[in-house]
Every structure is written in C-alpha cells, then in structure tokens.
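For reference, the structure is listed below as structure tokens.
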Amino acid sequence: MAETTQTKEQFEPRIIGFLCNWCTAAAADLAGTTRAQYPPNVHPIRVMCSGTVDPMYILKALLSGADAVMVGGCHPGDCHYVSGNYKARRKIAMLKQIFKSLGLDENRVWLRWISASEGPEFAKFMREITEETRKQGPSPLASDWTV
Amino acid sequence: MQEKQKAVLVIGAGVGGIRASLDLAESGHKVYLTDRSPGIGGALYQLDKWFPDNQCELCKLLPVFSRDECSQFCLRRDLMHPNIELMPYATVTRFSGEPGNFEATVNIKSRWVVEDKCTACDLCAQVCPIEVADEFERGQQKRKAIYVRNPQAIPNVYTIDREDCNQCGKCVEICPTKAVVLNMPDETRELSVGAVVVSVGSTEFDGKSMQQYGFGRYANVLSNIQLERQLASAGPTGGELKRPSDGKTPKKIAILQCVGSRDWERNYCSEVCCMYALKEAMMLRDRYPDADVTIFYMDIRAFGKDYYRFHLQAKEMGVKFARSRVSRIRENPKTKDLYLLARDESGKSIGDTYDMVVLSLAQCPSPYLNELSKTLGLATNEWGFIETPGFHLTHTSRPGVYVSGSASGPSDICETVIKASAAAGEAAGILAGTQSKAEEIKPAHDHKTITDEEAKIAIFICQCGNEISSVVDIDKTRDYVKKLKNVVLVDDMGFLCQTNELDRVKETVQKSGANRVIMAACAPYHYHRLFSKTLAEAGIGAAQWQLVNFREQLAWVHKESKILATRKAQKMVEMAVERLRTQEPLKTTSVKVTQSGLVIGGGISGMTSALELASRGYDVTLVEKTGELGGHSRNLFYDLSPLDPQTLVEDTIRKVQNNPHIKVMLNSELASITGHAGNFRSEIQTADSKTELVKHGAVIIASGAAEYQPTEHMFGRDQRVITQHELQKRLAEGKLGKPETVVMIQCVGSRNAAHSYCNRTCCSEAVANALKIKELSPETHVFVLNRDIMTYGFRERYFTKAREAGVLFHRFEQEKEPEVKTSEKAITITWPDPALPGSLEIDADLLVLSTGYVAEGNEKIAGMLSLPLTEDGFFKEVDVKFRPVDAVLDGIFITGLASAPRNLNERVLQAQAAAQRAANVLSRETLTSGMVVSEVDKRRCSACGLCVEACPFDARYLDADEHYAVVREELCQGCGACVAVCPNDAAKLRSQKDKQVFSMIEAVI
Amino acid sequence: MTKSAILEVKEGKTRQAVNSFLKDLFAKNVVEAMLVPLAHPSGTNVVQALISDPSHVDQADVFAPVMPVNSAKILQAMTRLTPVDRKTAIVIRPCEMRAVVELIKLKQIQPANLLFISIDCPGAYSTKDYPKFAAEKKTSDDFVKAGFRWAEDAQLRAGCQICEYPYPLTADITIGMLGLEPGQLLLIADTPRGEEALKTAGFTLETDSATAQKRQAALARFVPEVKERRKKFFEKTKEEIGGIEKLTQVFATCIKCQNCRAACPVCYCRECVFVSPTFELESEKYMRQAVKKGGIRMPADTLLFHLTRMNHMANSCVGCSACEEACPNDIPLLKIFQLTGAEVQELFDYVPGRNVEEPLPAAAFLEKEFQEMGEKK
C-alpha cells in the first residue's frame, strides 16, 4: 500500500458512498462550502439516483474490501425521478435481510436520506458512519481471501 | 412597423422568475433574468422544505427535455440554460416602448468583485473587519461586509456591500486571484425586449410595527422566516430549534397567524401563512415529539389541492389549534418566557405561557416595488401590489408587461409557478409571429466522440491558491496518479479557473495528444461550463473528461487529516481514471414532434388553453362531450369582482369559434389515446359515432368535474332548499324576490370523510351571492353558517364588505352540523355556535347549500394514459408545488376542475399555464435525448419487463414480439432505475456501466 | 368451495388410475398434447416428455419420486418466444407449478393454451438415488401407498423434507390425495378452466364433498406442522452456515460451474450477468485485486456470484432443490437458498407462485414501508 495512516493503532475504515446527484451529492458540496469537517474515509461515487444502485455494487464493494457501503438519496417523496429512493429502500431492505439470514453483518450497509440543503447533516453522517465502522472493526469479508 | 424583439426581460429571479424564464427559454426565447440582489433564488433558498412532503423537490422546476444544455444539478447549485442570461444585482432604471418593442435600461451594480476571478474561497470574508446582521438569516447571525448571500449562492461569487464597507483594503490584499476591486464602476445595459415579466415577489410584514407582539424586543418572538432558518440544516443554529434568549430548546411554542394581514390597514388575507404554519408546526412535532405546538388562528385557510388533508395530518400529528386572535404578548423579563393574552371564540381566556412565539408575518409588497412600478408605468392597488385589472391575473395596466408571483398579491409557490407559466405564455404570445417555432437549442460546442484509440489521460490538479494544496499533498498525489494506467500527463496549477491557466490546459492537451482529461478542482457548478468549453476547444468532448471535486468534497472538509485526505485525493482521481478508461461514446438521438395540440374539454379551461396554443400558431383540436362550449362557467353570473363572468365566457367562446387554428369537435369524446410527448395518436368518437384520428404532440386535459348533488339538509325534498348555483341563477334572472331570511350552509359535501378536500369556490360564491341579495333586497337577513371562511387573498375585502352589509357569519363545528327541519311555514335550522351558549335556531325562507365540485369520469382518461388520480378522483400532477399542471407523464397537462376546484380567474390562469407548458414541447421540431440515457443489450435481454415496470417515465417498452426491451431515448431521464432492477446487465446506463462502477470500487480499495 | 370428483383407484394401482384419467383427456379431446413425466425405458429415471400420441401415456408415472428438471425451465424454453398453438396439458409438481407462476410474471412463460395439472406431492428423491429406489423393485404405487412421510424419510430431497406447499396453489386441476385413504384420489377443479376440462372428460363434479373436506382438514393440520418443522430447520441451518467463516466453508468446494443457476427454474436470464462483459476482466484487474487484498480465491467472485444470485432470485425461490441436485460437489444449496428465500419472502409478505396477479417484489414498492430506513437515528 502506498500510504500508511496517521496513527498505526487507529483503524481507518474504507467506505464507499454512492451519492445521488440531486440531493446527497449537493449536500456534500454544501458541507464543503460551509467547511463542515468530517473524516476522509468515505469515497464518493456520484450516481444519478439512489434507485440506480444495484445491490450487486454493494456486494462487490464489501467483498472487494470495503468496510462499509453507504447509499445517500433524497428524502421520501423528494426523488427527482419520482420514486427512485423508494426502490432503493426496498432493494437495500432485501439485501440487509439476506445478510441477516446468513449471519453476515448487515450494519455495514447504510442508507441515508440527505437533501441538498443538509450540508451539515451530510458531515454529521460521515462522522457517524466512520465512527460506527471503526467500532465494528475491519470487515471480515474485506480480509478474507476465500470469498 | 418595427420588427418585434425576440427577447423577454424577466425582473425578479425567485421561483416565479425562474419558472417564467425556464418556460420562455424552453420554448426558444432569449431571456434576461434580473434580480436586485447579488444572487438569484429569492425566498426559495431560505426555505429547506415545503408542503406536501415537507421536503425539497426544487429540482423539479428544471426542464425535462434538453436537460443536458440546462442543468444536471440541483437548482440550489446552479441555474443554467443557454437561452437565459442571468443578471443579478441589477435594477431597471428606464423603460419605454410598446408591446413587441420595449427598451429597458438596466443598471448592474458592481460587486466590487470581478465575477470571473472570484473562486469563492472565503479568504476575503475571513479578514474583513466589519460585521453586520445577516439579512439572509434574518439577523440571527452576522455576516461580513464582503459576503455571499448564502452558502449555495448562485452565482457563487462574493459581493461587497457598499453600505457596510469601510474600504480598509484587507480583502483586496488577501484575494489570491486579485478579484476584489474597490469602487469598480457599475455597468449599464440597454436591452431591447418584446415583453416583460415582473416577478419581484413580496416581503414579509414588518413585525416590529405591531408593538403588542414585541417582535424585535422580546428575544423569543421569532418571525416565521427566522424559524425556517433555525430549522434549516445549514442555518444559524445548525437545524436545531433554540431560544435566542438562552439557547435552550423550547418545549411550548405558539404560532400566531394573520400578523399584518386581515386587519383594518391590510384588509387582505396573506394566503400562504396557514399552510406554512401547518408545515412548520408539523416539522416541529416531527423533530421534537415532546414539543407542545399551538397555532392561534382565525380561519385555517387550507383551500388548495390536498391542503385540507395536510390540515388533518397536522391535527393527527398532535398540533394544537386555538381559534383566537392573540391580543398581546408579555415577556417575563427574568425567564424571557412569553405570556399570551388570548380569548377563545366564546370569550373565555386561554392565556398561557410559551417558551417561544412564532409570528406568521403577512406577505407585503416589496419595498422596491413602488419605484419599479413607476419606472415601468404600472398601476398598483391600495396596498401597493401591482394591480391586475380584468380576469387575467397576469395582466398589468401596461400591455406587454406581465406579472407573476406575489408581486400582484399573496401567492404560494404553487400559485406563483402557475402564474409564472401563464405570464411566460402571455409574453411568448406577444413574440409569436416572429418566432412561433422555437430555435432548437444548439449545444455550445460539438462533442467529440470517443474513438477506439487507447485512452491517454491528462490530469490537471488545481491548487486553488492554497485552498486545496494546504490540505492535499499535491506532490504525493501527482506521483501516485502519474503511475496509474493510461495516464500520460499530470500537471498542477495555481488556479485552474483563470484564463491563462486554461489556455495552458488547452495547449498541453493538444501537445500531449491526450484524449481524456481529468480536472481535479472544485464543485462542478462553479466552472463546469468553462472547463467544458475550454476542453471542447482542445478536442475533448463531454464524455471524455471528468471533474473531481478536490475542494468542497476534500480540502475544505478534511483539514484535520491531511495524510488521509491526500490518500482520498489519490483515490478520487483513480476512480475518475477508471471511469474514463472504460467510457464509451455518448450520443443523442432525436424524434420529430407533431407540432399541434389536443385539448379535452370545452369549458373555460379547455377553451383558454386552446386559444393560447392557437395564438402561438399551433393547430389545436378541442374535444367537448356536450353540444356546447362553456361548461360550468356558463352558469356563473357573479364573482368577487366587478367583472361579469358571462362577458368572459361569451367572448372566449366567440374567439374559439372564430379561430382558424382551432377545430372544435362537439358531442365528441376521446375513444383512445396512445403515444408519448411529441407524438400522440388519439381517436375521437364524434357525434355521428364515427371515429376520427388526431395526431398531436401534447395533450391538455381540461375535462372538468361534476357539481356535487347534495343529499344533505332536505335537499331535493323541499323546494326551498337550493344550491348556491341555483341561487345565483335566480339572482341573475331577478327571480329571487324579497325573502325575509336566507340561510347558507357552507362545506356541504366537502371537507368531510367522503370528500376530504376544500372546494375553494363556495365561500367566494356564498359571499358574492350574499352581497347580491343585500344589494337587491337590503332588508333580507342573510346568515352564512361556516366552519372556516376561505376568502383568501384579496377576496377578504368582500368578506369584510359582506359583514358591513349586515350579512351574519356564524360558525358551526364539523361534528355538530346544523339540523334542518321543514314545515309549511319555514325551514328551521338549529345548531350550536361555538361563540355562543346553547343552540341557535333560525327560521328561513330559503336555505342555500354551498356545494362544490366532485371528480367525474376521470378514470377513463386516466386509464388510457396510465395517469394516477388523487384519493378524491382528480388528476394527480407530477409535483403539486413545482410542476402543478404537468401530469406524471411528459407531454400531458392537466388544468381546470379536472385538477381541483378553482375559481374562474384562477382557472383561466391555470389553463394559460398548461398551454405554455404544452408549448414547451410543441415549439421544438424534434425532441432530443440527453447524453446519459439507458440502453439495452438486446442479445442479453430476457424481456422480463422488470425495467419497463421500474421506469417512471414510460421510456421503456418491450418490442412487439416481446423479445427484448427498447428505450425511448427522448423520454429517458437517465435515472438508472432500470439498471438496478435488471438482473443480468442487459439494461445499462451510458457513463455508468456496471464495469465502470466495479472498476471505481476497486480503485478505492 | 371445492369442486371435485373422485378418481377411482383399483387395487392400489394409483399410476394406472392417473394414466387412465390422462388418457381420457386425449380421448375426449380436452387436450391434443401433454407435457408429462414418462418412465425412461432404462428404468433409471422418469423424465418429462412432450407427447402428442396418447399411447405414450401408458409410460406416464406422475407420482414417481423423482424430478430431474424443474419443468418451469422446460416451459420457459418452449413458450418464451411463442405460446403453444394447441391445447396442451402440463402435468407437473406443485413446486414446478409455483415456479411456472413466477416465470409467467417474468414474461418467460406464455400460458396460453396450457392446462395445468398438478398433484399432492409426496416428494421426490435425488435423481442420483432414484435408480436405487427403482432397482429395489419399488413402484410409485408403493411410494404413494406409504403416504406423506417427509419428516421421516431422510432420503427425500432436502427441499421436499421441508416443503411448505406440497399441494398446488394455482393449478387448473389438482390430483389430490393428502389426507385421503391410501390409494384414494380426488380430481379437484381449481379454476373454471379445470372445471370445464374435467366436465368434458366426463366427470361429474361435486361441491365440497366429504372427501374434499377430508383433504381440507388434512391441509389445516399440515400447515402448523410444517411451519414448526421449517422453523427448526432454519434454526439449525443458521447454526450450520451462519457467519462468514461457516459460509465460506460451505462454499469451499464450489467450482463456480454455475450449474446451480442453470438448473434454477427462477434464474431466468438468457445469459447470466456472471458471464457478461462486466465480469470479463483483463489480467491486470485480477492482479490489482490480488495486490490490494493480498490474495483472492480463483476463480474470482465465488461468494459474489452466490450472493448476487440470491439477491436476484430469493423472492421467487420455490424450494425445489434443483440447485442442490445440480451441484457436482454436493454443496447444501437448498438450505441456504430456502433460508434466505423464506426470510426475504416474509419481509415482503410474498409467496412465490401464490397468485399470478401478485406483483414481484422487485417490480413494486410501497411509500409506507421500511420507514425507519434512511432516517437519522
């Protein structure tokens, strides 16, 4: 690995974030404009809508080594594409159920509604997901070569 | 005659101005959009959430077609349209000419900051020594003399407030791009325009002038905007409700209605406050479940579509309601708690102590409106709003100048948006003839397509002065990304946005032979278009470059962890590299548009829509199921205005009949309809049972509603019980005579379990009829039994007038409806009035029931077009606030009673708006798809139809043999719902293929 | 209200009775063709055959305890492009029937002209074990006589042992025997079409006959029993496979041959995403993964394959065990997929194959569901 982290002791989770273009990505920009500080563990992938996030993306990320995955979308009723967030919610509910059934850690999959004007909320959530994942420790899927 | 001008001047860039500008721009007109303030948005950006979902949805204002050329970003981030020239900080100083040829002089105030150079880095504000109250936050925090109005300001450029600046020069010194130039002169522009839309909005009532409430003196008395800002996540309290006196979370909150309205001085209803008070109360209850929230009100005027349900929802959520006008607030000087002196209807004291009081301040004319109306030569009404004479609510006293939004009277967003589209339609109508067909919007530059040659990626990293480089280790980042596959060149610049640097980018790209580019800089809305233009000049098309946000999503938020931030920077570029390496070409496709319209329904709405379209040069087929035009409005003889509805109706019928562009089909019905925006095919069943095929590009549904047939209160069993419509007819025909007592009962067949909506029209009708009775027979006693009187806006005047004329208004509660008994002698009405002890009993000669409209026959049309209906059976719009006349599928528009009950002039307005929205489609010769649309891998597609189900835009279907799915690219909005539901990657989104996403994921790990 | 007729069985010869009924369908021109399990001349298997010659019915062995292929798969192949052009009886097991309903929803089967006949199913053995059963000179009649013994017969396929719906949910005609005396059969018309067919075939239908009521009573007893059995089974399964360690152990022998998805009736894709260009990677991509993770199992993405497949089909999983049957390395796929299938289906209150009108969970959503998800805690 090219980089070592600041303190060897502290586990720095690697998190992948799928941010909806209309709301959560805009909130991420607003967090920047207002200089709301949060840890740099979440790597954003901008998608047009939370409803386009195929659960396979989430599985791929977790099995490839991500410690957590988040999907950020518009609040219910607020989707730019009418219903994408409802569809996303159902998909993620199902994926989480599969995880639960198989005894995998469903808490590494996150869904959060953050609207364009909620820059501080975005930063807050970034802190929350990083802290929680840090508490959970490295994902066993991430280090298991046999998956 | 002089040649008509093609441009339109829109004054005021709030929601109305933006809507009007986008409508005009979409139908091919050049727009100058000015605003007095340094940025656009008006009150929009002060509010986070709106009725009915208490969410944002602002993006829904954006155009559906040709989006790529406008904006693919949230409207809080930017407003882009090639036909719109934004002119913030500008005022009109001179105005002359006539419709079609106006000359306007516009003074563009200098910001003392060069727009092109400002990178919005905030260094200037940090050194500025002057602090003043922040107007945007309504004084709840401070800002500097050099500032941006709000964090998401458009344009995102700093401005020096000259009034506040002491010219110390610190900002000049620190500005890394030398953007600050003190005393930079203003600019003057001379604009030649064909029409003007005034949409300058309103301002809230000065709460300080009502001393009894202590606003401005008592710390914990807030205005509603101050509350909205507190609840805004990016607001002064970070979204937490706090008492200004001690920062504590208030437990007991009172919201006071009608502050600055419905009084002697301002005898109008501010129209919007009831809804926002409900919304605020619900947000408070939602956020603070323990909070005790009481709304003090006179009438809850929730009269709009689905507003009544919202009112009920608020009750369900535990919001308390007190029908009382608070007479005074007293502050406890120690605790800063507030004691409200109030009495309920019966006169009992309901005074109590609250932790916080919120005043619903009325909408008042903007303080600048007086000057503007003088400049433009517009008449204003007694309160200073722009006067709208006649039936058309967008007409001003000066032809060619139209008004939208609350500049002419209180309006909520929904009404403002409707007014704006209607005003845009009027303006476009003036320009018709010179330009009946839209100029196809040409991309600013040609996009090169990606060829098969191997990706050669050039990466440019912006340091943004020190903004990025102080957090991200540029050298380390450069070294890391240099080694990535396909990267041929990495360069970093001080300010990537400055002209000289961009010239360097262009030159470097051309020299290196790079065919893909990554710009690691700031949020896309700052310089996306500038970068795009520069790169296009270097031969790099839209699909070939990526913007990585190093500033807002990295440097500005990770100041404390530079090593990790640098790692993230590397990964973000690596992700972009991965996306670009596998990027396939993006292309657009077009379909021809049938440039004519179909209007279903020949009432006032349908006729108005048809005339509007015809005036723009489009052929229209108008289908009416009965044998005559006019619909319900034929039976309307009085309104709350001095105007005669029949003149309007007859005039409209004549115009329709004489218009060569309109084909009227009477006794005809829609038998079938297929197709989509731009191309519909309808079969019309005609009087002689033949079917006729009509091809059209848009359809306006104005199929009306039925009058409610009451079963209540002895109607139909006693001749003396009639409806308001019948009463009006009798009055008009002079057949009423001189009855001793007339009683009216409101809300018959509405606002109840069976019809859970307010009929909006009946209170006005009752007041109009009551006034007429008093005029014809002053001795007649008139009683109006009501639950809330919905004389919103300027209708309030007539409510007052009626009371002055001796009409008695009594209240009853929903649960205790008046009882009606009839005898030969009289009709006896008994009910408990909450204001009085016991029950009241009146003997009347005539009982008049205020009945409204119920949905009728909408299922059939809805079924044919797969459109949803509301619970009450009316057509549902795609967004009740921002797209109130658009059906959920594009190219279909809804107006009139088929949408919801409305008063006559509002129906005319809405019909104009629907026509303008339809014209946006019809004005294009072709509909062009966006570049990022979905596609189908036919070979892999199993034709299971899941993607067809998932598509919210009907942009997918299975081919005739059902062997694979097909995309209607012009309808596809690129949301990717199909992608997520397709199990085997047969549905793909261009620029976000699974392979690209996988590569990006792996890049992070 | 059940409309049914008794099908007489002489001397315990169930097979003969059923076959004579099937023959009648040809004779009375109810159908012109039939998809029906025929005993393979080898004696080692009973396989589906599409027949037009009624004489083949003699080889039919509808209750033979073997199901080499889930017939939904066959019908998909037959009717995806065009519906059949003549009246055809489809004689299948309840789990096949349920898979058929799922595939109709997914537009993979065109049901026009098809008359669905299904059975009260006493279960089936693995195709590998069936020759053993046959060699012991056991007949399907013997098997039927023994009655419903899922709980006791550990030789039955895993899916059969915990089968929740051994009776058809949506067939036109059910050949019923649950709860009846050994050797007794009941022809139940579950749809107007089935009713029509039985009448044409010469049966007089009785409404809610005593025999039919007996069967209903047996069903009522059966439901709580099986629920309990499944609950215990799932609890045990969770212990066996729950958690990443155990899960990877279970899949240790997977060779990613993808036979499971090839055999799965509700894995309907023409070509799996795992053989699509998305998974066609350059060597550098494998190497990159290996470098980033230190090492990766090859062939790559084994668990991703199984979890993704689960995500695609769990809602429609009918528990037929075809996956497990197809696995060359005997991975206990049924229990894994039934466990997740059952729990996911419960989440959406969805029963695959229950009703052709019921939308697939993937094709629907409710505004008011999972409302706590996405909200701040």
Side-chain angles (χ1 to χ4, degrees), chain A residues 2-6 12 14 16 21-23 25-41 43-45 47-49 51-57 60-61 64-66 74-84 87-88 91 115-121 123 126 142, chain B residues 48 52-53 55-60 72-74 76-77 120 151-152 156 232-234 238-239 480 523 525 549 551-554 556-561 563-568 570-572 575 878 888 932 950 952 973-977 979-981 989 992 994 997-998 1000-1002 1004-1005:
Chain A
E3 278 288 336
T4 51
T5 52
Q6 280 157 310
E12 291 298 347
R14 275 178 296 202
I16 289 180
N21 174 63
W22 297 95
C23 284
D29 288 338
L30 179 59
T33 316
T34 56
R35 314 297 199 275
Q37 298 299 303
Y38 58 86
N41 299 61
H43 296 77
I45 296 179
V47 289
M48 290 315 278
C49 177
T52 192
V53 178
D54 188 333
M56 184 166 71
Y57 300 168
K60 171 74 188 171
S64 299
C74 310
H75 287 270
D78 201 13
C79 175
H80 183 69
Y81 303 108
V82 189
S83 53
K87 292 170 191 158
K91 287 194 176 75
S115 80
S117 58
E118 294 178 326
E121 279 305 323
M126 292 296 104
Chain B
D48 261 21
D53 295 308
Q55 298 300 350
C56 172
E57 302 189 67
L58 192 51
C59 54
K60 295 200 173 150
Q72 286 289 4
F73 304 117
C74 163
R76 287 180 191 272
R77 297 201 281 173
Q152 286 163 316
N156 200 359
S233 167
Y480 180 88
Y525 42 93
N549 186 354
R551 197 173 71 167
E552 282 83 349
Q553 291 194 12
L554 193 64
W556 280 356
V557 287
H558 304 321
K559 289 186 180 174
E560 307 304 317
S561 33
I563 294 175
L564 278 176
T566 302
R567 192 186 120 83
K568 180 171 168 184
Q570 295 163 352
K571 294 294 170 191
M572 281 168 75
M575 284 198 279
V878 66
V888 296
V932 177
Q973 302 288 307
C975 71
V979 172
V981 83
L989 194 60
Q992 188 208 298
D994 286 1
V997 176
F998 279 17
M1000 290 169 76
I1001 289 169
E1002 277 164 11
V1004 173
I1005 306 304

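What's counted below: heavy atoms across the whole structure, side chains too, no hydrogens, waters or symmetry copies. Just so it is clear: chains get the letters A, B, ... in the order the sequence lines come, proteins before strands, and each one is counted from 1.
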Looking only at non-hydrogen atoms, find the nearest pair between A:K87 and B:A977 and report the distance. NZ-CB, 4.1 Å

Would you call B:K568 and A:P44 a side-chain contact if the rule is heavy atoms closer than 4.5 Å? yes

With side chains defined as the heavy atoms from C-beta onward, is the minimum distance between B:K559 and A:R35 less than 4.5 Å? yes

Tell me which of these, A:I45, A:V82, A:N21, A:L30, has more heavy-atom pairs under 4.5 Å with chain B than the rest. A:L30

Chain B contacts, top residue of A:G51, A:G77, A:S117, A:C23 (heavy-atom pairs, under 4.5 Å): A:S117

Under 4.5 Å from a heavy atom of chain A, the part of B:A234 involved: both

If you compare all heavy atoms of A:P40 against all heavy atoms of B:A565, which two are closest, and at what distance to 0.1 Å? CG-N, 3.9 Å

Could you check which of B:D994, B:V557, B:N156, B:L554 has the highest count of heavy-atom pairs closer than 4.5 Å to chain A? B:V557

What's the shortest heavy-atom distance between B:S233 and A:P120, and which atoms? O-CG, 3.0 Å

Run the side-chain contact (heavy atoms from CB on, under 4.5 Å) test on B:R567 and A:R14 for me, step by step, so that the C-alpha distance in whole Å, both residues' side-chain angles and the decisive distance to 0.1 Å come before the verdict. CA-CA 11 Å; B:R567 192 186 120 83; A:R14 275 178 296 202; 3.2 Å; yes

Rounded to the nearest 0.5 Å, what separates atom CD in B:Q55 from atom NE2 in A:H75? 5.0 Å

Is it true that a side-chain atom of B:K60 and a backbone atom of A:C79 form a donor plus acceptor pair closer than 3.5 Å? yes

In terms of heavy-atom contacts, A:Q37 and B:E560 come closest through OE1-N, 4.1 Å

Bottom line for B:N549: the part with an atom under 4.5 Å from chain A's heavy atoms is side chain

Can you measure from CH2 (A:W22) to CZ (B:F73) and round to the nearest 0.5 angstrom? 8.5 Å

Interatomic distance, A:H80 atom NE2 to B:C975 atom SG [nearest 0.5 angstrom]: 9.5 Å

Do you know which two heavy atoms are closest between A:M48 and B:Q992, and how far apart they sit? N-OE1, 4.2 Å

Pick from B:V888, B:V1004, B:L58, B:V878: which one has the most heavy-atom pairs with chain A under 4.5 Å? B:V1004

Would you say the side-chain atoms of A:E121 pair up with the backbone N or O of B:G239, donor to acceptor, closer than 3.5 Å? no

Heavy-atom proximity to chain B below 4.5 Å, by part of A:A123: neither

Contact class of B:Q553 relative to chain A, heavy atoms under 4.5 angstrom: both

Who among A:P39, A:S83, A:A27, A:A142 has the most heavy-atom pairs with chain B under 4.5 Å? A:P39

Criterion side-chain contact (heavy atoms from CB on, under 4.5 Å) on A:T34 and B:W556, from CA distance to verdict: CA-CA 8 Å; A:T34 56; B:W556 280 356; over 6 Å; no

With chain A, which of B:G974, B:P151, B:A523 has the greatest number of heavy-atom pairs at distances under 4.5 Å? B:P151

Rounded to the nearest 0.5 Å, how far apart are CG of B:D48 and CD of A:E118? 6.5 Å

For the backbone of A:S64 and the side chain of B:E1002, can you confirm whether one donor and one acceptor N or O come within less than 3.5 Å of each other? no

Shortest non-hydrogen contact from A:A116 to B:R76? CB-CD, 4.0 Å

Checking A:D29 side chain against B:E552 main chain: does a donor-acceptor pair fall under 3.5 Å? no

Largest heavy-atom contact set with chain B, pairs under 4.5 Å, which of A:A25, A:G65, A:A31: A:G65

